[in-house]
Every structure is written in structure tokens, then in C-alpha cells.
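Structure, as C-alpha cells:
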Amino acid sequence: MKKMTHFEIKKLIDKKILIVFVLLLIFNIGHIIFTHIDDVSSQFYQGKKKIVEKVKGTITQEKVNFLYKGLERNSKLVEAGAYDSENGDENTYTGYIFGDMNAFEEIYTDLQRVYEYSQEIEKKIVIIDENIERSQQSDSYSSFLKSKLNGRYMSSYYDTQGIKYFLDYSDSLIFIFVFIIFGGINYLYYDRNCDMEKMINITKYGRFKLKVLRYIILNVFVIISSLIFFLSDYISFSLLFDIEGLMNPIYSLSNFYSSYFDLSILSFILLQGILKLLFVSCMSCLMLYLSKKIRINYIVLVICFIVSFCIWTNFFDIKSTFSVLKLSQSFSMYKIFSFYIHDIFLVAFVLCILFFIMSLLYFKKEVVEE
């Protein structure tokens, strides 16, 4: 069994596969960097970052006053026209009075949103209570919403731009699909291409053991390669934007301000990763099943790419362009779960069932013709 396992791993991971993996990983990291490099390298962002450094962490009245005075001072200078729009000002954070005014305004508005969050939640709870009272029947959904919102508050502030970009980034799934399809097809059809399949399938016992081993190896291959891509995503965004405040609740992000999910940002990131892993694992099971039914590897390759593209385009707005990289930007946790975030567990359940069904189809006993 050890020799068989070693041989199967050797078939899967060869120099060609490793080269493709490294190239796609580099391309993915480069795609992240070149997409956001203009944002992080701009003078405005660097100045805004300096202001955030002074107010991040636990919210205090002193920090609120600092932002308010900075906004008020720069607004008066802009209104009076007392600034140089061409040469700039060395005494400013962003290099320009007008830039400082915008930076202070953005941060002050965002911090004020966090600071006044509990008050806004109390207003929503009052509305929910009114709906429950007006309802003649038992309103279990409104009661559920109330239980999710009750007692919420936020006491710390961090710049969440990097976290938003990271959670909204799904382009790496495209590179993962390409790699898994390329590596999986190359592995599953290795014996057939080398005329070894008949010899391997002489006994039913040997054939079943090999089938189980291939199932395990391919899924471990999918999980490890996907985790490396997801980890590279996080490291890239963390280095670009200095991601902080991961223990804050997910509703501290403006995109999830009105959601009913109350996990921490870190927990949500892990949950998002699990959903993506389930998704790509279902694709690997699809390849396993198709390879059992279809004798020609190129047909399986084409089918996998077509199915992948059809699945993706269900999430995308394809009216403007058919560019896959452009389309992938529409697939985000925000757009799917921003209002009904608690249904994320239903999606995970459906993916698990789909994975289980595909696994059963792969292991389904075949009728051997005499």
C-alpha cells in the first residue's frame, strides 16, 4: 500500500505540475499587487494612513475631538481658498489641504458610524418591536432578528479597507480551478495514457483500493493547493494594507453594517475559506466521476471548463463583459450574504450534500460484464 501511495503521489506531482502551480501562484499575487498598488502608493492613502495611526484602537473622546478639529480646520481653509493646489503643503498629512480635508472627513464619518452603532441598533430594535406588536400571529422571524441585534456595540476602530478588499477578492478561485483541472486530468488519465489501466484493473479488490486512494490523494491535493492560494491572498492584502482588527465583529465592516451575522471578522474569513474549499472539492469529485465514465481525457477537460464557467456566470453580471477576471469581481460574500448572512450555513450544508452525492457516484459499484 505504501508503494502504491508513493507511486500515485509521484504521478500527481511532477515537475510540470509544480511549474504550473508556481506560475499561477505568482500570477495571482501579481494580480493582487498590480490591482491595488495605485491605491496604497497614492499620497492621499499614505496621508490617510498616518491619521488612522493616531485614532485606531479603542475609541475615546480625545480621538473623536482630534478628527473633528482636523476636519473643521481644513474645511475652513478650503472654504477660504487659503491653500496651494499645485505646490502642496509640507505641514499636511496628504501633501495638500484639500486632501487632508477629505481624509479627515472619511475617517471621521467612518469612526462616527462605529461610535454611534449601538444607538442605530436600538432604533432598529424599536421598529422590530413595533412590527411584533402589530402582527396578529407569532412573528418568529422578527423575534429572531431582534435576538441577533440585541446588545450589539462596537468600541474600537480600525481601517477596514484592506479587509474589505480581501473578503471581496475571489479571482484566486479561477487560478485554482485552472490548476486543479490541469493537474487532475493529467493524474486521472495517466494510467490510461500509458496503457496501464487494464493491468491495474485485473482484480476488483485492487481496482477498489486504487479508486479509494485516488479519491483521497486528489482531494488532499485540492485542499492543500487551495489553502496555499488562500494564504497567499491574505498575506498579499495584509502586506499591502496592514490588516488589523480581526477580532472585531463582522458587522464592524460597513458592508455588513446591517447584517444579522455576529461572528468575528477572523471567524468569517475562516468560514469563507471553508465554503471555497467545499466548492473546489465538489469540482474535484466531478472530475473523478467524469473520468470514470468518459474514456477521452480531452472531453473531460472541456466539460470541466464549461461547467466551471457556467457556475461562475450564475453569480456574475455578464451584460458588460465576458472577461472572467472582470466577472469574478462580482462574486463576493458581501453580495450573497449581506442581508441574509445567517443562510451561509445552508449554503455550506448544500455544498456538503453535493460533495457527498458526487463521492457516492464515484464509488458506485459498476456491473462487470463477463
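The six-membered or imidazole ring of Y115 lies away from that of Y157, with a centre-to-centre distance of 6.0 Å or more. A distance of 6.0 Å or more separates the ring centres of Y169 and F230. Note: F66 and F104 meet the aromatic proximity criterion, with ring centroids under 6.0 Å apart. Aromatic ring centres of Y234 and F166 lie closer together than 6.0 Å.
Y96 places none of its side-chain heavy atoms less than 4.5 Å from the side chain of M101. L227 is listed as a side-chain neighbour of L277, based on a closest heavy-atom distance under 4.5 Å.
The shortest heavy-atom contact between Y153 and S118 is CB-CB, 4.1 Å. Of all non-hydrogen atoms in F44 and A103, the two that sit nearest each other are CE1-N, 3.6 Å. Scanning all heavy atoms of the two residues, the minimum distance from I180 to S225 falls at CG1-OG, 4.3 Å. Smallest separation of non-hydrogen atoms from V114 and S156: CG1-O, 3.6 Å. Here the shortest heavy-atom pairing between T58 and K63 reads O-NZ, 2.8 Å. When all heavy atoms of S264 and L246 are compared, the pair lying nearest together is CB-O, 4.0 Å.
A donor-acceptor contact under 3.5 angstrom links the side chains of N65 and Q61, judged on distance only. Looking at Y251 and R152, their side chains never bring a donor and an acceptor atom within 3.5 Å of each other.
S226 places no side-chain N or O within 3.5 Å of a backbone atom of I223 that could act as its donor or acceptor partner. Not a single donor-acceptor pair under 3.5 Å links the side chain of E105 to the backbone N or O of L71. The backbone N or O of D159 lies less than 3.5 Å from no partner atom in the side chain of E244, so there is not a single donor-acceptor pair. Remark: side-chain polar atoms of S252 are paired, donor with acceptor, to backbone N or O of P249 under 3.5 angstrom. Judged by distance alone, the side chain of N74 and the main-chain N or O of D100 form no donor-acceptor pair under 3.5 Å. With hydrogens and angles ignored, the 3.5 Å screen pairs no side-chain donor or acceptor of S267 with any backbone N or O of L263.
Taking the ring centre of Y93 as origin, the terminal cationic atom of K48 falls outside the region bounded by 6.0 Å and 45° from the ring axis.
Cluster annotation: L167 is connected to L173 through the hydrophobic network of ILVMFWY side chains, with a link wherever side-chain heavy atoms come within less than 4.5 Å. Tracing side-chain contacts under 4.5 Å through hydrophobic residues (I, L, V, M, F, W, Y), one never reaches F279 starting from L270; they form parts of separate clusters. Follow the hydrophobic side-chain contacts under 4.5 Å out from I32 and you never reach L231; the two are in separate clusters. Both F237 and I37 are part of a single hydrophobic cluster, where members link through side-chain heavy atoms under 4.5 Å apart.
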side-chain contact (heavy atoms from CB on, under 4.5 Å) between I265 and M247, intermediate numbers included: CA-CA 6 Å; I265 295 173; M247 298 313 297; over 6 Å; no
Worked verdict on S281 versus N219 for side-chain contact (heavy atoms from CB on, under 4.5 Å): CA-CA 6 Å; S281 295; N219 278 286; 4.2 Å; yes
Worked verdict on E116 versus R113 for salt bridge (charged side-chain N to carboxylate O under 4.0 Å, His left out): CA-CA 5 Å; E116 297 177 351; R113 171 186 64 82; over 6 Å; no
Working for side chain to side chain donor-acceptor pair (under 3.5 Å), residues S172 and D233: CA-CA 8 Å; S172 58; D233 292 348; 2.7 Å; yes
Worked verdict on K164 versus S254 for side chain to side chain donor-acceptor pair (under 3.5 Å): CA-CA 9 Å; K164 290 176 184 177; S254 58; 2.6 Å; yes
Stepwise ring-ring contact (aromatic ring centres under 6.0 Å, His included) test for F21 and F229: CA-CA 10 Å; F21 178 78; F229 268 94; 5.5 Å; yes
Worked check of side-chain contact (heavy atoms from CB on, under 4.5 Å) between M154 and N248: CA-CA 8 Å; M154 292 185 283; N248 275 3; over 6 Å; no
Stepwise side-chain contact (heavy atoms from CB on, under 4.5 Å) test for E120 and K124: CA-CA 6 Å; E120 294 296 323; K124 286 191 175 186; 6.0 Å; no
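Taking CD1 of I29 as the start and CD1 of I33 as the end, the distance is 7.0 Å to the nearest 0.5 Å. Atom CG of L240 and atom OG1 of T35 lie 10.0 Å apart (nearest 0.5 Å). Of the inter-residue distances, the one linking I250 atom CD1 with L271 atom CG reads 10.0 Å to the nearest 0.5 angstrom. Here D110 contributes atom CG and L253 contributes atom CG; the two are 9.5 Å apart, rounded to the nearest 0.5 Å.
Taking a cutoff of 4.0 Å between a charged side-chain nitrogen and a carboxylate oxygen, E72 and K69 do not qualify as a salt bridge.
Ring geometry for H31 against F175 counts as perpendicular: the plane angle is over 60°, on a 0 to 90° scale with 30° as the lower cut.
With I19 as the fixed residue, the side chain to side chain contact (heavy atoms under 4.5 Å, CB included) test singles out one of L23, V22, I17: L23.
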